Amino acid sequence: MIVAVALLTTTLVIVVALLAAVGAAKLARMDGATYPAALTRAATAFAAVITLAAAVAGAAAALFA
């Protein structure tokens with residue numbers, strides 16, 4: 001049961017990170033950025049969401065342990 005919850009949570013975080021990356025890339029392209037620049041902004045947004053999720057998970061683990 002715990003493994004299933006962990007997998008579903010991981011999947012949800014990855015989906016949210018991908019949506020944020022796509023949104024960042026779309027906004028960058030609408031702003032006139034080139035494709036490489038938009039891809040860089042998307043990668044930065046994806047990494048930021050994953051980093052934030054890891055920080056929140058670490059804080060929650062410290063609180064509940």
Side-chain angles (χ1 to χ4, degrees):
M1 178 68 181
I2 293 175
V3 173
V5 171
L7 288 174
L8 286 172
T9 304
T10 303
T11 303
L12 179 64
V13 167
I14 290 174
V15 166
V16 169
L18 286 173
L19 286 172
V22 168
K26 179 65 177 171
L27 287 173
R29 283 295 296 157
M30 288 174 61
D31 194 36
T34 62
Y35 282 108
L39 186 60
T40 301
R41 291 182 190 176
T44 303
F46 181 82
V49 171
I50 296 295
T51 303
L52 181 61
V56 169
L63 286 176
F64 296 127

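In this chain, numbering begins with 1 at the start of the sequence shown. Predicted model only: the values in this text are computed from it and were never measured.
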K.L.:
Say you draw a straight line from OH of Tyr35 to OG1 of Thr40; how long is it, rounded to the nearest 0.5 Å?
P.N.:
14.5 Å
K.L.:
Taking side chain to side chain contact (heavy atoms under 4.5 Å, CB included) as the definition, give me every residue that meets it alongside Ala33, ordered by chain and number, with sequence neighbours left out.
P.N.:
Ala28, Ala37, Arg41
K.L.:
Could you tell me whether the side chain of Asp31 reaches within less than 4.5 Å of the side chain of Leu27, counting heavy atoms only?
P.N.:
no
K.L.:
If you measure from CG on Leu18 to CD1 on Ile50, what distance do you get to the nearest 0.5 Å?
P.N.:
7.5 Å
K.L.:
Could you measure the distance from the CG atom of Leu39 to the OG1 atom of Thr44? Nearest 0.5 Å is fine.
P.N.:
9.5 Å
K.L.:
With sequence neighbours left out, what residues match Val3 under side chain to side chain contact (heavy atoms under 4.5 Å, CB included)?
P.N.:
Leu7
K.L.:
Over all heavy atoms of both residues, which pair between Ala45 and Ala20 is shortest? Give the atoms and the distance, please.
P.N.:
CB-O, 4.1 Å
K.L.:
Which residues satisfy the side chain to side chain contact (heavy atoms under 4.5 Å, CB included) test with Ala53, sequence neighbours excluded?
P.N.:
Val13
